[in-house]
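First comes the structure, then the notes that go with it.
In what follows, chains are A, B, ... by sequence order, proteins preceding strands, each numbered from 1.
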2 protein chains.
Amino acid sequence: MPAPQRVTTASLAATARAIAERDGIDAVTISAVAAAAGVRAPSLYKHVGHRHDLLRLIADDAARELGDDVTALVGSSADPAVVLPGIARAVRAFSARSPRAAGLLFSAPSPEAGPTPEGMAPLIASLLEAVGRATPGDPLPAARTMTAWVYGFCTMEQAGAFQLGGDVDEAFEFGLTTLVDALTGSGGARR
Amino acid sequence: MPAPQRVTTASLAATARAIAERDGIDAVTISAVAAAAGVRAPSLYKHVGHRHDLLRLIADDAARELGDDVTALVGSSADPAVVLPGIARAVRAFSARSPRAAGLLFSAPSPEAGPTPEGMAPLIASLLEAVGRATPGDPLPAARTMTAWVYGFCTMEQAGAFQLGGDVDEAFEFGLTTLVDALTGSGGARR
DNA sequence: ACCTGAACACCGTTCAAGT
DNA sequence: ACCTGAACACCGTTCAAGT
């Protein structure tokens, strides 16, 4: 009589992500996830090929969650001056509530630990859609500029790289206004 | 008779950084660095408190090197429209030739693995100096916007995150022009 | 003063054996 | 079909002992 399955890939993702957020990426070990799932370490190799696959499960879970947020925003308004800031703030909010998963999303410690292209596709599609509405020309360089800034800002903020004091919220809004004004060509007066 | 010192902290930094660039951050283990330095693992604890200190040595070495580049640029011209693009391109060049060290500089896997405030000070001072010349107001938010974008772009480029084709060099120059124009208020015509 | 071997707890991974 | 114990190679870290 076959043994009943005690763990699913989806439950593994949730378990691994919880450990990552509580104790850090380094704590996402085969042993720790197995123990949290109520199973012995070797059993995990029925679901993942190696430890970095656990991180990839977390990354893809994060990509799906953030992709849902962004897609909803893009569907909620047609005005780029509303949608672009909304997306940037959604990314930052996600990064604040799931910093470890967000880190894996954009800068995984290895290619195998990063999200799959399929997992990222909905997020990227919504992003390009939003930027395409804002700029008349090729949306790709504009989207890359926006993405690089948001990603860089959130990563540095979570890594504690902003150590010179000052108001980090203000710096975020300043950068956001600067970029959105420039990309939409609104030339709105700098506050 | 005391044993002669066979390893210095400076030589440790160089050894660790070489391993990081060749085999990745995960390969920077106490054992591997000790072996490369021609010494047994326990000896390293005369120089570092724990493994993450090895990463910190790499990060501070990178901060010093990039700081030298940027400081030289800031001293070479007074025109922000020359210096700011120069800095951005210098960061990108550094990230291209030392991607692992550059990663530690801005988003270390733990606070202990990141650069020390003292190590970052010259780089940050030169950066603020350059941005301060360009904008009339508080240079801090402007510097953070610039830094976040450059860092984000270089990290994503090195991580292979720009997978949608297109010209990555062009995207870099587009973002650079957009930001420098906005920050210097030059309002130069978009090409 | 610096280096070493030995030891400990841990981890990733494989595999034959259980049910 | 899924899970397990046992085993292997490895790693970080400590410490008493060497020179």
Side-chain angles (χ1 to χ4, degrees), chain A residues 1-60 100 103-104 108-114, chain B residues 1-60 100 103-104 108-114:
Chain A
M1 178 172 130
Q5 191 178 39
R6 253 184 286 176
V7 80
T8 67
T9 303
S11 75
L12 227 49
T15 303
R17 188 168 164 189
I19 293 174
E21 296 300 350
R22 194 184 327 107
D23 303 321
I25 294 295
D26 284 353
V28 182
T29 64
I30 294 277
S31 314
V33 174
V39 102
R40 302 291 175 166
S43 296
L44 257 57
Y45 290 89
K46 284 286 162 187
H47 300 92
V48 299
H50 39 261
R51 187 184 95 97
H52 274 185
D53 279 348
L54 288 175
L55 305 185
R56 190 203 285 277
L57 288 179
I58 300 175
D60 269 338
R100 321 286 192 164
L104 287 176
S110 88
E112 298 96 9
Chain B
M1 180 169 127
Q5 192 178 39
R6 252 184 289 175
V7 80
T8 65
T9 304
S11 76
L12 227 49
T15 303
R17 188 167 162 188
I19 293 173
E21 295 301 348
R22 195 185 325 108
D23 303 320
I25 294 294
D26 283 353
V28 182
T29 65
I30 293 278
S31 313
V33 174
V39 104
R40 302 290 174 165
S43 296
L44 258 56
Y45 289 90
K46 285 286 161 187
H47 300 91
V48 299
H50 39 261
R51 189 184 94 96
H52 274 185
D53 280 348
L54 288 175
L55 305 184
R56 190 203 285 277
L57 288 179
I58 300 173
D60 270 339
R100 320 287 190 161
L104 287 176
S110 87
E112 297 97 10

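The side chain of Ser43(B) contributes no N or O atom lying less than 4.0 Å from OP1 or OP2 of dC2(C). Here Ser31(B) does not reach the OP1 or OP2 of dC10(D): none of its side-chain N or O atoms lies under 4.0 Å away. The side chain of Arg6(B) places an N or O atom within less than 4.0 Å of a non-bridging phosphate oxygen (OP1 or OP2) of dT4(C). In this model, the phosphate group of dG5(D) is approached by a side-chain N or O of Arg40(A) to a distance below 4.0 Å at OP1 or OP2.
The CD atom of Glu112(A) sits 8.0 Å away from atom CG of Asp53(A), with the distance rounded to the nearest 0.5 Å. We find the CG-CD1 distance between Leu104(A) and Ile25(A) to be 4.0 Å, quoted to the nearest 0.5 Å.
Base pairing annotation: dG5(C) forms a Watson-Crick or G-U wobble pair with dC15(D), both donor-acceptor distances under 3.5 Å.
One interatomic measurement links the two molecules: NE2 of His47(B) to P of dC2(C), which rounds to 7 Å at whole-angstrom precision. Going from atom CD1 of Ile30(A) over to atom P of dC10(D) covers 18 Å, rounded to whole Å. Rounded to an integer number of Å, the gap from Lys46(B) NZ to dT19(D) C1' is 14 Å. Put simply, NE2 on His50(B) is 19 Å from P on dC10(C), counting in whole angstrom units. Straight-line distance from the CG atom of Asp53(A) to the P atom of dG12(C): 13 Å, rounded to whole Å. As rounded to whole Å, 16 Å separates atom C1' of dT13(D) from atom CD of Glu112(B). The interatomic distance linking Tyr45(B) (OH) with dG5(C) (P) rounds to 16 Å, in whole Å. When rounded to the nearest whole Å, the span between NE2 of His52(B) and C1' of dT13(D) equals 14 Å.
Closest to the side chain of Val39(A), out of dT4(D), dT13(D), dC2(C), is dT4(D).
Arg51(B) places a side-chain N or O within 3.5 Å of a backbone atom of Val28(B) that can act as its donor or acceptor partner. Looking at Thr15(A), its side chain does come within 3.5 Å of a backbone N or O of Ser11(A) through a donor-acceptor pair.
You'll find the side chain of Leu55(B) reaches within 4.5 Å of the side chain of Pro109(B), heavy atoms only.
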